2 protein chains.
Amino acid sequence: MDTGLRNWQGVREEVLRRIHARVWAPGDLLPTETELAAEFGCARTTVNRALRTLAESGLLDRKRKAGTRVVRHPVRKATLSIPVIRLEIEKQNKSYGYALLSREMETPPADVLARMCLRKGSGLLHLQSLHLADGQPYAFEDRWINTAAVPESLDADLESMSANEWLVMNAPFTNGDIAFSAVNATDQEAELLGTQSGVALFVVERSTWNGNVAITSVKLVCAPGYRMRTDI
Amino acid sequence: MDTGLRNWQGVREEVLRRIHARVWAPGDLLPTETELAAEFGCARTTVNRALRTLAESGLLDRKRKAGTRVVRHPVRKATLSIPVIRLEIEKQNKSYGYALLSREMETPPADVLARMCLRKGSGLLHLQSLHLADGQPYAFEDRWINTAAVPESLDADLESMSANEWLVMNAPFTNGDIAFSAVNATDQEAELLGTQSGVALFVVERSTWNGNVAITSVKLVCAPGYRMRTDI
DNA sequence: CAGTGGTCTAGACCACCAG
DNA sequence: TGGTGGTCTAGACCACTGC
């Protein structure tokens, strides 16, 4: 039977429709790729692409020999874009500002060492800076850079360009992790962000590696009212 | 020239390596698919798959006729899994508990209506509940359900099963949005979560639609110390 | 071990868009 | 308008895994 679905987006839409319409309910086994290809009148490759896409977005579970099933608890996946802060601000039609507050070689506290998987004794470059949007405090950045991995960072001009952008252009990374949480503002954070201590602040912590070499670990404390949103 | 890269993952790794090694620097134009296929000794389809994958993860920018370029500011994309809370807790080897606190038909406040893109006058089902991990408060859930879109929800047994799970199984959605922020605990939230008012809490807000029909809007206030993490 | 998805190939046509 | 990526096809072989 040829229903005339000749491209993979079309097949994906039709499969989605049937899942929503409960033709294939959660836990159900779908026909094989070959059967669907025959029904839709297209090549198996096309069906494969459609089903693979749906599996990647978490709606289907595929196993060789076992076949393709509709997952029982669709774990929705949201994709967050982690932009360079300057671009994030400029996209809101605000002017970006940046101020370097401090820059020292220091022995990092234990939690930073642990996050970067480094052992004690290594001195790291410690940077504190402030990002501004239209002159207002936007986020406070507390960053540690592994100078053993990125020695050029010692000579970098970090007065005019944020460490974030310098690293993006000069120290590529292969993997990392990111975490989000909420904290009460310390006195220092409150003063820098122009608010009162105790106010709830949104925090982003990110560490990156090149292979298994730690590059940098950064903690971004956002100004009150910060909201991170995305579509699902 | 055949360098023996015969599968798309291998091609992807090699292209990645060259980007990291600055063979192709940010902004540079890559060879065409056909040229790369010749160099790697594989079919163009294979190169296409590799480059398409890298473009999807935000490292390459591809345009017909213009060719493939390394992006200047690699916007890293983090994929968050939004799990059913019960599963999230059980994955930590803790026992899941759930308590329905209130269930009323009510006229929602303006901000909820706006979030769901509904107009005034519609009564919605308002649910408040508490999620527990090993008996300790884990998150406070404040949910509105559009009964016009999901009339069966009026008869659902929401004492034993959380609304989240009931909806996952009974009211599929096609799209939605999700937002994260930080708030200071209100007196009510503090009492329910076993903490003091004013403590910084992590908040997740999510709204879902089936086509353009609003299904539900939920606000999840997490217990102190909540951390959401993922790899990038 | 046999059935299923995963992938590769060579060739083809098409859509888009920069020059 | 020509060059580039986007996709489809038919056929093939392979890898995994449930039975």
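Note that the structure is predicted; figures quoted are calculated from it, not measured. Each chain gets a letter, A, B and so on, in the order its sequence line appears, and its residues count up from 1.
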Looking at B/K94 and B/E90, is any side-chain nitrogen of the basic one under 4.0 Å from a carboxylate oxygen of the acidic one?
no
For A/N48 and A/T45, test the side chains for any donor-to-acceptor distance below 3.5 angstrom and give the result as yes or no.
no
Residues 139-154 of chain A vs salt bridge (Lys or Arg N to Asp or Glu O under 4.0 Å), sequence neighbours excluded, gives A/E141-A/R143
Once each nucleotide of nucleotides 4-12 of chain C is scored for protein heavy atoms under 4.0 Å, what B/S/- sequence comes out, 5' to 3'?
BBBBSBB-B
Please name the pair of heavy atoms, one in B/C117 and one in B/W209, separated by the smallest distance, quoted to 0.1 Å.
SG-CZ2, 4.1 Å
Could you go through residues 163-172 of chain B and list every donor-acceptor pair under 3.5 Å that involves a side-chain atom there, pairing it with any protein atom two or more places apart or in another chain?
| residue | atom | partner | partner atom | Å |
| --- | --- | --- | --- | --- |
| B/E165 | OE1 | B/R86 | NE | 3.2 |
| B/E165 | OE1 | B/R86 | NH2 | 3.0 |
| B/E165 | OE2 | B/R86 | NE | 2.6 |
| B/N170 | ND2 | B/W166 | O | 2.7 |

